[in-house]
Amino acid sequence: MYIPWKYTDFQDKATNVAQKLLGMYLIHRTSEVEYIGKIVETEAYGGSYRGKIDDASHAWRKRTNRNEPMFQNGGISYVYLIYGMYHCFNVVTSLKDDAQAVLIRAIEPIQGKEYMLANRKLSIPDKRISNGPGKLCTAMNITIKENSIPLWKAPLFIATPTNKEMIRIVKGKRVNISYAEKGKYFPWRFFIQGNPYVSKG
DNA sequence: AATTAGATTGAC
DNA sequence: TCAATCTAATTA
């Protein structure tokens, strides 16, 4: 069982929401199945850290067609295609015109595992099914069609599991942003300590 | 109009 | 270590 997040739950700094999202459910209802993944790894983007602008954020320089969802009120999705082949799913946070978002980097499959396995073209169920931002999108069938839609109601939403257990949060530097001279040092990656589905990073 | 590079992944 | 694959963003 789970309780969907409210509209206002998303309207906070990305660094806060990124940590609140750990242990929460990401749910995608399709005509075939209801996918549920427990969020185990996140990264915050946008805003600033110790007076330094996050130059790793897509919204750093300017507002463009692609990053437009990041400038909207928190609570919608921001999905984009990376390297021409993979999708990345973000939760937009904060308020309108303050571009902040949380990249979901890994989930632990809770429901719809057989479908996830098929989507990933794997035969053996192990952590490789969803231990990366592109992998979880493939597993849960999240594509550009799910870009810029509300995340507090079906078909794609965040929910608090009623049986949520205690977790220990580990913080570190974000992955694959070495081009960002300032941002690469920000400790804005968060994951659940000991969870096997966390990406290699 | 042409070029560049990317919030990744999987194969070698 | 490196190719796949393609589009948004940048440069001319």
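Hydrogens, waters and symmetry mates play no part in the numbers below; they use all other heavy atoms, side chains included. Chain A is the first sequence line, chain B the second, and so forth, proteins listed ahead of strands; every chain is numbered from 1.
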Colleague: Could you give the distance separating B:dA2 and C:dT5 at their P atoms, to the nearest angstrom?
Modeller: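 Roughly 23 Å separates the two P atoms.
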
Colleague: Following the transitive rule for hydrophobic clusters with a side-chain heavy-atom cut-off under 4.5 Å over Ile, Leu, Val, Met, Phe, Trp and Tyr, establish whether A:L151 and A:W5 coincide in one cluster.
Modeller: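 Yes.
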
Colleague: Could you encode protein contacts along nucleotides 2-12 of chain B as a string, one character per nucleotide from 5' to 3', using B for base contact, S for sugar-phosphate-only contact and - for no contact, with a heavy-atom cut-off of under 4.0 Å?
Modeller: ----BBBBS--

Colleague: Cut-off 3.5 Å, side chains only: do A:E146 and A:S77 have a donor facing an acceptor?
Modeller: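 Side-chain D/A pair, A:E146 to A:S77: absent.
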
Colleague: Where does DNA chain B pair, written as one dot-bracket string 5' to 3', with Watson-Crick or G-U pairs under 3.5 Å, ( ) inside the strand, [ ] for crossing pairs and | for another strand?
Modeller: ||||||.||||.

Colleague: Between atom NE2 in A:H87 and atom P in C:dA8, what is the gap in whole Å?
Modeller: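 Roughly 12 Å, once rounded to whole Å.
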
Colleague: Give me the ring orientation class for A:F10 and A:W152: parallel if the planes are under 30° apart, tilted from 30 to 60°, perpendicular past 60°.
Modeller: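 Tilted, since the angle between the ring planes falls between 30° and 60°.
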
Colleague: Can you confirm whether A:K184 is buried at NZ, in the sense that more than 12 heavy atoms of other residues, nucleotides or ligands lie under 6.0 Å from that atom?
Modeller: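 Enclosed: over 12 neighbouring heavy atoms sit under 6.0 Å from NZ of A:K184.
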
Colleague: Does A:K200 NZ have over 12 foreign heavy atoms under 6.0 Å away?
Modeller: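 No, because the 6.0 Å sphere around NZ of A:K200 holds 12 heavy atoms or fewer from other groups.
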
Colleague: For atom OH of A:Y185, decide whether the heavy atoms of other residues, nucleotides or ligands shown that lie under 6.0 angstrom number more than 12.
Modeller: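 Incorrect, the count does not exceed 12.
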
Colleague: What is the distance, to the nearest angstrom, from the CG atom on A:N147 to the P atom on C:dT7?
Modeller: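 Distance check: A:N147 CG to C:dT7 P gives 15 Å.
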
Colleague: Is there a donor-acceptor contact under 3.5 Å linking the side chains of A:N131 and A:K135?
Modeller: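 The answer is yes; a qualifying pair exists.
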
Colleague: Look at the aromatic rings of A:Y49 and A:W188 and report parallel, tilted or perpendicular, splitting at 30° and 60°.
Modeller: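 Ring orientation of A:Y49 relative to A:W188: perpendicular.
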
